[in-house]
J.: 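One structure follows; several queries about it will come next.
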Amino acid sequence: MNRNYTKLDASFYEGDDVVMLARQLIGKLLITNRDGGRCSGRIIETEAYNGITDKASHAFGGRRTARTEIMYANGGVAYVYLCYGIHHLFNVVTNSKDIPHAILIRAIEPIEGKDIMMHRIGASTLKHNLGSGPGKVTKALGIRVEDTGFSLLSDQLFIADDGFVPMNIIATPRIGVDYAGADAALPYRFVVADHPAISAKSFTKKFIA
DNA sequence: CGACCGATCGTCT
DNA sequence: GACGATCGGTCGA
């Protein structure tokens with residue numbers, strides 16, 4: 001494996017087209033350096049949340065609450081929130097200050113620190129689906145709600161480009177946003193088609209799409 | 001394999 | 001007081 005990579009910088013996260021950025025994150029490495037070791041996974045599934053006009057976004061209508069305030073920060077920080085009282089979901093905040101764009105990382109293919117990630121997940125055997133879902137991505141990599149606001153330019157939590165060129169990226173509607181009316185149909189989810197480690201719900205969604 | 005269900009709690013109304 | 005940008009288990013076919 002090629003261990004040479006370039007950390008994504010502020011100019012990437014400050015880009016103004018969150019849908020394009022979500023697509024560009026496919027194939028990049030999401031890396032954490034904490035709690036006993038370095039772990040990384042290749043991003044294979046993302047979703048764009050396109051600001052105040054996107055009904056599926058927590059920032060729809062320009063809503064600002066204590067929880068969502070970080071979405072209005074300048075791009076390049078983490079937005080992690082608790083879903084269903086159990087799962088921590090990791091988002092990348094993009095664009096500039098006061099424009100609440102975010103990208104949900106929904107699945108990774110485990111690359112480095114597989115033993116550590118297995119331990120965090122509680123898996124006894126290594127399976128391809130160690131990071132096949134947004135809740136599992138954070139659990140495997142040791143990302144928590146307390147990381148909200150954490151800079152992605154740090155060495156503890158960041159995204160890097162190692163030159164890998166993903167194949168067969170397709171766009172589909174997002175998962176679990178049926179409440180968003182017409183916006184639920186927007187093709188804002190990106191996945192590596194037929195990858196074995198995309199999120200479980202994706203399989204049914206893929207054929208609907 | 002698909003359908004269903006319980007877990008679990010912060011956030012917003 | 002209701003409800004999630006979910007997950008893993010179980011049940012039945």
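Below, read A as the first sequence line, B as the second, and so on, with proteins coming before strands; counting in each chain starts at 1.
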J.: Does any nucleotide pair with B:dC4 by Watson-Crick or G-U wobble geometry, both distances under 3.5 Å, and what is it?
T.: C:dG9
J.: Given B:dC12, B:dA7, C:dT6, which nucleotide is nearest the side-chain atoms of A:Thr65?
T.: B:dC12
J.: Rounded to whole Å, please give me the gap between CZ in A:Arg64 and C1' in B:dT13.
T.: 20 Å
J.: Atom CZ of A:Arg67 and atom C1' of B:dG10: how far apart are they, to the nearest Å?
T.: 8 Å
J.: Between atom CG of A:Leu8 and atom CG of A:Asp161, what is the distance when rounded to the nearest 0.5 Å?
T.: 6.5 Å
J.: Which of the following nucleotides, C:dT6, B:dA7, B:dT13, is nearest to the side chain of A:Arg63?
T.: B:dT13
J.: So, does A:Arg106 get its side chain near the phosphate of C:dT6, meaning an N or O under 4.0 Å from OP1 or OP2?
T.: yes
J.: May I ask you to say what A:Leu89 touches in the nucleic acid, namely base, sugar-phosphate or nothing, with a heavy-atom cut-off under 4.0 Å?
T.: sugar-phosphate
J.: Should the ring pair A:Tyr5 and A:Phe158 be called parallel, tilted or perpendicular, given that the plane angle runs from 0 to 90° and is split at 30 and 60?
T.: tilted
J.: Mind checking the P distance from B:dA3 to C:dA5? Whole angstroms is fine.
T.: 22 Å
J.: Nearest of C:dT6, B:dG10, C:dA5 to any side-chain atom of A:Tyr84?
T.: C:dT6
J.: Atom CZ of A:Arg174 and atom P of C:dG4: how far apart are they, to the nearest Å?
T.: 15 Å
J.: Rounding to an integer number of Å, can you tell me how far A:Leu82 CG sits from B:dG10 C1'?
T.: 6 Å
J.: Return whichever of A:Tyr179 or A:Ile121 has its heavy-atom-nearest nucleotide of DNA chain C closer to the 5' end.
T.: A:Tyr179
J.: Between atom CD1 in A:Ile175 and atom P in C:dT6, what is the gap in whole Å?
T.: 8 Å
J.: Could you please name the option among C:dA5, C:dC7, B:dT8 that lies closest to any side-chain atom of A:His87?
T.: C:dC7
J.: Run the side chain to side chain contact (heavy atoms under 4.5 Å, CB included) check on A:Leu30 and A:Leu141 step by step: do they pass?
T.: CA-CA 9 Å; A:Leu30 177 56; A:Leu141 291 173; 3.5 Å; yes
J.: State whether A:Asp98 and A:Arg64 are salt-bridged, where the test is any N-O pair (Lys NZ or Arg NE/NH1/NH2 against Asp/Glu carboxylate O) under 4.0 Å.
T.: yes
J.: OH of A:Tyr81 versus C1' of C:dT6: gap in Å, rounded?
T.: 9 Å
J.: Send over the distance from A:Glu47 CD to C:dA5 P, rounded to a whole Å.
T.: 11 Å
J.: What's the CD-P distance between A:Glu69 and B:dT11, to the nearest Å?
T.: 14 Å
J.: Give a yes/no on whether any side-chain N or O of A:Lys136 is located under 4.0 angstrom from OP1 or OP2 of C:dG8.
T.: yes
J.: Measuring from A:Asn74:CG to A:Thr94:OG1, what's the distance to the nearest 0.5 Å?
T.: 10.0 Å
J.: Would you indicate which nucleotide in B:dT11, C:dA5, B:dG10 comes nearest to any side-chain atom of A:His58?
T.: C:dA5
